[in-house]
Amino acid sequence: MIFVNGTKRTLVVTLAKKIIVLSIITVWLFSLFPGMGTVLDLQNYLNATYRGSLADKQKMVDNANASIELYKVVNDYLNSLK
Amino acid sequence: MNILLLLTAILLIYISGFLAYVFLGHFFNKLSDLNFFLRIATYWTFGLGAISLQLLLLSWLKLGWNLWLLDLPWILLLVAYLYRHKIKKPAFDLGLLLSFVLLIFITVHLTFSTLSVPVWDWDGWGIWNFKAQAFFLEGRIPLAFLSDPVLKAYSHMDYPLLLPLSQVWIYRHLGYINTELSKIIFPLSYFSLLCFFLGGLYQYYKKIGMPLLLTISLALIPSLILQSQTNYADLILAMFLSGGLIMAFLWIEEKDIGYLLVSFLLLALSAWTKNEGLLIYCYTSLAILVVLLFQRRKKQIGQLLAISIISSLLWLPWYIYTRHFHLSSENWFSNINYIFIKSNLWRFSVIIKSLYNLLLNKNMWGWFWLIFVATFLMNISKKSKDLIYYLFIIGWIALYVLMYFFTVYDLSWHLDRSLDRLTIHFLPISAFLVSITLIKLWIVKKYEKV
């Protein structure tokens, strides 16, 4: 390919830049896949444990490092309104 | 039936946002140049702001949350608009259509996974969703509830109400509490965040391929996906902050005041979402003001001040209300004194070490933050004018480090409970800067072929 305003050097630099950009995006995208597995695992874990009952909420509160009393205060308040 | 009611609630949020956007468009012509993606995202964000402030106002005026009062104003305004205007068919090419479909596909997947898990983790349940349920059951925002000394200590009654009131909107239209369905707000906010990101890059680059690839790279970051499911307010905040800052970027690039107005309205809505939003609203205002002062652009300083005053009307009423009734449970400024600083300097090393370990966690971010550092160094070596944007992000991180330094909670506990969520706030705009650097590197100067 012949360029009027460009040179072979600019062609090489341009190609090199494109390869760098595509490599960076490829690394970015592929580095995300191991973590995606964690996200999916977590959903299964949540589905298995947190299905809404008060007993299950204990696990949720434990997970939050908070006291179950905290949950009870809030839950009792809501029940008093219903 | 539930799904129809849910769709009605969502549609009305989009309609209210559309009407707010149209209203602004009357005064600022440039807004009509926003591309399709930016518009869709703006409708949703303005809509969340409009309906949450509507609920707050109706409660304060003691008018109640009757569905007629909630929906009729928007329906009448829409009819009035349609009577006087023809809806233009958006200019769409195949590339844009495919990009839009792809974003919807990613979001649909997330929607199913989000709605299939209940509200989990303490803040999601005990702070944000709890308030939504209590407000719905009370039919208003009762001061007695907000002032309850026990609840105040647990549920931070001074926190802004955009998220709980948006969930009240869903409950009100469903007619009952459904915590799982009310989480629909999160995937739609994730979708809007991606639309802001793609729309911002497309507005800048004018081509769709590379922006789409970079948007997918952001969309798949595991930590972002996780935060879209928890009922924490951090994803919503990230959406407002990144939308506001992308609009500020477009204002700097295209010099139109309309972008600045939308930017500050979105930043003001971030202050109406979480307290960190107020911090970044003030930080951004100050950063832009300093730059304008250095450049001696007097006219734009005046515009900035006017827009700051107008936009502060969105968050200031709630801020004054909480201060007036002493709703805050802790004094965040109590540690800001010389003695505390002198005896707690060790905290800096703990915070920075935690941040370092978090950002290098490949399972949460992939190698994104390494790429961020690499593009930052690239900009330093080229002495690029974009360095100022990177410095803005570094200043933002420094602010968060200071926030942890002065925290009134146990430092390790506080870091453990919130650092990953707070990182989400500046993730999208950092990814946007990385994308701009990569796009600039990608752009080829045009040669004449013989």
Side-chain angles (χ1 to χ4, degrees), chain A residues 1-7 10-11 13-18 20-22 24-40 42-47 49-53 56-57 59-67 69-71 73-82, chain B residues 113 116-126 130 133-134 136-138 145 148 150-151 154-155 177 179-180 210 213-214 216-218 220-223 225-226 229 361-368 370-371 374-375 413 416-417 431 434-435 438-439 441-450:
Chain A
M1 201 178 287
I2 304 162
F3 294 96
V4 174
N5 295 328
T7 62
T10 53
L11 178 66
V13 170
T14 304
L15 280 176
K17 281 182 177 177
K18 293 206 177 245
I20 290 170
V21 172
L22 286 177
I24 290 173
I25 295 175
T26 308
V27 167
W28 179 354
L29 267 172
F30 276 85
S31 70
L32 301 177
F33 288 113
M36 291 299 290
T38 313
V39 173
L40 295 174
L42 185 70
Q43 277 175 27
N44 291 334
Y45 172 69
L46 284 168
N47 273 328
T49 48
Y50 300 143
R51 288 309 307 178
S53 75
D56 287 341
K57 284 283 193 306
K59 290 171 187 166
M60 176 184 83
V61 177
D62 286 346
N63 188 47
N65 289 331
S67 156
E69 281 172 29
L70 235 106
Y71 174 77
V73 167
V74 172
N75 200 53
D76 289 349
Y77 187 88
L78 285 178
N79 285 334
S80 73
L81 294 175
K82 284 174 186 169
Chain B
S113 60
S116 68
V117 293
V119 173
W120 56 282
D121 235 343
W122 175 254
D123 285 22
W125 200 90
F130 166 52
Q133 292 187 53
F136 171 76
L137 292 168
E138 295 271 14
F145 166 74
D148 186 303
V150 180
L151 294 174
Y154 292 155
S155 296
I177 291 171
T179 54
E180 290 166 24
M210 182 59 77
L213 189 59
L214 290 160
I216 292 169
S217 305
L218 170 71
L220 297 180
I221 291 180
S223 201
I225 297 173
L226 272 179
Q229 305 176 30
N361 184 337
K362 205 175 147 193
N363 280 338
M364 290 177 79
W365 319 97
W367 285 359
F368 170 74
L370 288 177
I371 292 168
T375 53
W413 178 84
D416 185 46
R417 296 299 307 134
V434 169
S435 303
L438 294 180
I439 284 175
L441 198 62
W442 178 261
I443 292 172
V444 184
K445 286 172 191 164
K446 284 181 181 158
Y447 303 111
E448 288 179 72
K449 204 160 61 170
V450 176

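Below, chains carry the letters A, B, ... as their sequence lines are ordered, and counting in each starts from 1. The figures here come from the full heavy-atom set of this structure, side chains too, leaving out hydrogens, waters and symmetry mates.
Looking at B:Ile371, B:Val434, B:Leu438 one by one, the single match for side chain to side chain contact (heavy atoms under 4.5 Å, CB included) with A:Ile25 turns out to be B:Leu438. When each of B:Leu218, B:Ile225, B:Leu220 is checked for a side chain to side chain contact (heavy atoms under 4.5 Å, CB included) with A:Leu32, only B:Leu220 meets the rule.
To the nearest 0.5 Å, the span separating CD1 on A:Ile24 from CG on B:Leu370 amounts to 11.5 Å.
Using a 4.5 Å cut-off between heavy atoms, B:Ile221 touches chain A through backbone and side chain atoms alike.
Pairing each heavy atom of B:Ser217 with each of A:Leu29, the nearest pair is OG-CG, 3.6 Å.
Cation-pi contact between A:Lys17 and B:Trp442: absent, since separation from the ring centre below 6.0 Å together with deviation from the ring axis within 45° is not met.
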